[in-house]
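Read the structure below first, then the notes.
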Amino acid sequence: MNHQYHSIYRAHTNIALIKYWGKRDQELYLPMTSSLSLTLESLYTDTKVLFSPNLKNDTFTLNYQKQSQEETKKIIRFVDLFRKESGIHLPVSIESINHVPTAAGLASSASAFAALSAAINDALQLNFSSEKLSTFSRQGSGSSTRSLFGGLAMWHRGYGHHSDSSYAEEIDSADWDIGMLIVVINSQQKKISSRIGMQHTIESSPFYELWPREVEQDLDQMLQAIKQRDIDAMGRIAEHNAMKMHATMLAANPSFNYFEPKTLVAINKVQQMRDQGLSCYYTMDAGPNVKILCPFSQIEQIKKILMEDFNEDQLIISLPGRAPYSIDSLGQPLETR
Ligand code: ADP
Ligand code: DP6
């Protein structure tokens with residue numbers, strides 16, 4: 001039989017309001033803590049997969065460039081999880097385009113593995129629920145679990161070494177007045193990946209032992225704040241949670257950090273805008289870029305003030321994004337599927 005399997009999917013990135021920082025099981029990518037994020041409309045990845053007997057070997061292109069053997073091996077190890085599950089062992093061609101800077105702390109790995117998982121699920125007709133799919137995508141990149149959902153999503157820590165217990169789900173559709181403004185301070189590839197950074201922190205930071213308890217408390221409060229749609233409480237909790245995560249890195253040995261001078265300019269500006277009565281709060285990941293949580297209705301005003309210090313092309317505004325969806329080769333959604 002000469003059957004081919006193909007699909008194209010778009011998945012949006014997400015930015016954590018309660019961060020994931022550390023694995024308790026490095027084989028299964030089980031996290032030390034649960035985490036929670038907002039999916040973003042403006043930043044996404046499109047991924048096309050084709051499984052075919054006519055292909056000679058597995059190939060992977062990212063932004064039209066053939067990837068190194070090492071990168072390809074990493075991704076094929078991931079595809080193998082699905083091959084094993086489906087019993088379809090055909091060679092695969094993967095073509096991915098990031099509409100988000102790669103490896104710059106803007107969560108390209110989240111949209112990347114969510115798009116790839118969703119495309120494979122569709123191509124191989126696995127019909128996994130998004131929750132089940134998240135237990136696979138987790139093994140490509142932890143943060144991608146949350147990008148399988150729109151709005152506000154939570155990735156559960158789970159228990160023991162049970163892969164199925166650590167899945168993500170949507171907790172709020174975020175179809176109310178909420179948005180995010182991203183200040184792109186540097187979109188170059190960072191020197192220390194999240195994966196390496198979190199592991200080094202676990203191994204050497206005396207502050208890390210405080211982290212799981214802090215996350216648990218922050219998460220409880222965050223869920224309450226979301227229920228009440230209290231964006232100020234959400235912002236305060238997210239800001240504190242992010243800075244506690246960065247504190248664990250500062251205390252690592254050797255210490256490392258993702259701050260650049262302009263990161264502090266953005267953070268100080270957010271504090272000033274808040275003093276002026278705007279509802280805006282910052283968060284930051286494994287990169288120098290600053291993400292500002294605010295009501296979408298205030299985002300243009302906030303952007304205007306930030307333009308005193310940043311160029312317009314450094315400021316990306318976003319509404320909450322939706323769950324992954326299939327697209328045609330021109331990038332148009334296939335709503336009917
Ligand atoms: P980021 O902050 O961008 O998520 P990470 O260091 O966490 O940075 O992840 C970046 C890595 O994710 C890349 O080095 C690459 O291995 C992988 N990645 C990024 N985009 C894609 C993609 N579209 N398809 C497959 N893998 C990708
Ligand atoms: C700081 O999901 O990129 O953005 O699971 O090793 O691929 P791996 O790590 P990744 O880490 C994300 C870390 C973070 C916080 C977050 O998104 O929760």
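Throughout, numbering of the chain's residues begins at 1 and tracks the sequence. Both ligands and their constituent atoms are indexed starting at 1 by order of listing. Heavy-atom basis, side chains included; hydrogens, waters and symmetry copies ignored.
Listed by number with element, the atoms of ligand 1 under 4.0 angstrom from any heavy atom of L106 are 2 (O). The contact set between ligand 1 and N98, taken as ligand atoms under 4.0 Å from a residue heavy atom, comprises 19 (C), 20 (N), 21 (C), 22 (C), 23 (N). For ligand 2 and W21, the ligand atoms under 4.0 Å from any heavy atom of the residue are 1 (C). Interface of I75 with ligand 1, defined as ligand atoms under 4.0 Å from a residue heavy atom, comprises 25 (C), 26 (N). Atoms of ligand 1 found under 4.0 Å from any heavy atom of E71, numbered from 1 in the order shown, are 14 (O), 15 (C), 16 (O). The distance from ligand 2 to the heavy atoms of Y20 drops below 4.0 Å at these ligand atoms: 2 (O), 5 (O), 6 (O), 8 (P), 9 (O), 10 (P), 11 (O), 12 (C), 13 (C), 14 (C), 15 (C), 16 (C), 18 (O). Taking every heavy atom of D285 and a limit of under 4.0 angstrom, the matching atoms of ligand 2 come to 1 (C), 4 (O), 14 (C), 15 (C). Under a 4.0 Å criterion applied to the non-hydrogen atoms of M198, ligand 2 contributes the atoms 9 (O), 11 (O). Close approach of ligand 1 to A112 (heavy-atom distance below 4.0 Å) involves ligand atoms 20 (N), 21 (C), 22 (C), 23 (N), 24 (N), 25 (C), 26 (N), 27 (C).
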| task | List the steps, then state whether ring pair (Phe, Tyr, Trp, His ring centres under 6.0 Å) holds for H200 with F256. | result | CA-CA 10 Å; H200 175 61; F256 70 107; 5.7 Å; yes
| field | Worked check of side-chain hydrogen bond (donor to acceptor under 3.5 Å, both in side chains) between R146 and S134 | value | CA-CA 8 Å; R146 302 179 310 237; S134 72; over 6 Å; no
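Using a 3.5 Å distance cut-off with no hydrogens or angles, the side chains of N186 and E260 do pair a donor with an acceptor. At a cut-off of 3.5 Å, with distance as the only test, a side-chain donor of S163 or R138 sits close to an acceptor on the other residue. When only modelled atom types and interatomic distance are considered, H161 and E27 share no side-chain donor-acceptor pair under 3.5 Å. Using a 3.5 Å distance cut-off with no hydrogens or angles, the side chains of D232 and S279 do pair a donor with an acceptor. One side chain, Y325 or H12, offers a donor N or O that lies under 3.5 Å from an acceptor on the other. In the model, R195 has a side-chain atom that pairs as donor or acceptor with a side-chain atom of Y29 under 3.5 Å. For the 3.5 Å distance criterion, the side chains of S34 and W155 fail to qualify, holding no donor opposite an acceptor. In summary, the side chains of S204 and N253 do not present any donor paired with an acceptor at a separation below 3.5 Å, with no hydrogens or angles considered.
The aromatic rings of F113 and F78 stand perpendicular to each other, their planes meeting at an angle above 60°, with 30° marking the opposite boundary. Between F136 and F82, the ring-plane angle classifies as tilted under the 30° and 60° cut-offs. By the 30° and 60° cut-offs, the orientation of the rings of H246 relative to Y258 is perpendicular.
Between G142 and ligand 2, a contact under 3.5 Å exists for at least one N or O pair. Considering both main-chain and side-chain atoms, R195 comes within under 3.5 Å of ligand 2 through a nitrogen or oxygen pair. Backbone and side-chain nitrogen or oxygen atoms of S141 are examined, and one is located within less than 3.5 angstrom of a nitrogen or oxygen of ligand 2. At least one N/O-N/O distance between S109 and ligand 2 falls below 3.5 Å. At least one N/O-N/O distance between K23 and ligand 2 falls below 3.5 Å. Of the N or O atoms in R146, one or more lie within a sub-3.5 Å distance of an N or O in ligand 2. Backbone and side-chain nitrogen or oxygen atoms of S35 are examined, and none is located within less than 3.5 angstrom of a nitrogen or oxygen of ligand 2. Considering backbone and side-chain N/O atoms, S193 never comes within less than 3.5 Å of an N/O atom of ligand 1. For a threshold of 3.5 Å applied to N or O pairs, the pair formed by T45 and ligand 1 contains no separation below that value.
A heavy-atom separation below 4.0 Å is found between K74 and ligand 1. Under a 4.0 Å heavy-atom criterion, A107 is in contact with ligand 1.
When non-hydrogen atoms are compared, ligand 1 lies under 4.0 Å from the backbone of S108 as well as from its side chain. Contacts between A16 and ligand 2 below 4.0 angstrom, taking non-hydrogen atoms only, involve the side chain exclusively. Counting heavy atoms under 4.0 Å from ligand 1, residue L62 touches it through the side chain alone. Residue contacts with ligand 1 for I94 are absent, since no atom lies close enough (heavy atoms, distance under 4.0 Å).
Using a 4.5 Å cut-off on side-chain heavy atoms (C-beta onward), L106 and I316 make no contact.
Among P31, S143, A110, the residue whose heavy atom lies nearest to atom 2 (O) of ligand 2 is S143.
None of D46, T45, T13 except one satisfies the side-chain hydrogen bond (donor to acceptor under 3.5 Å, both in side chains) rule with N98; the exception is T45.
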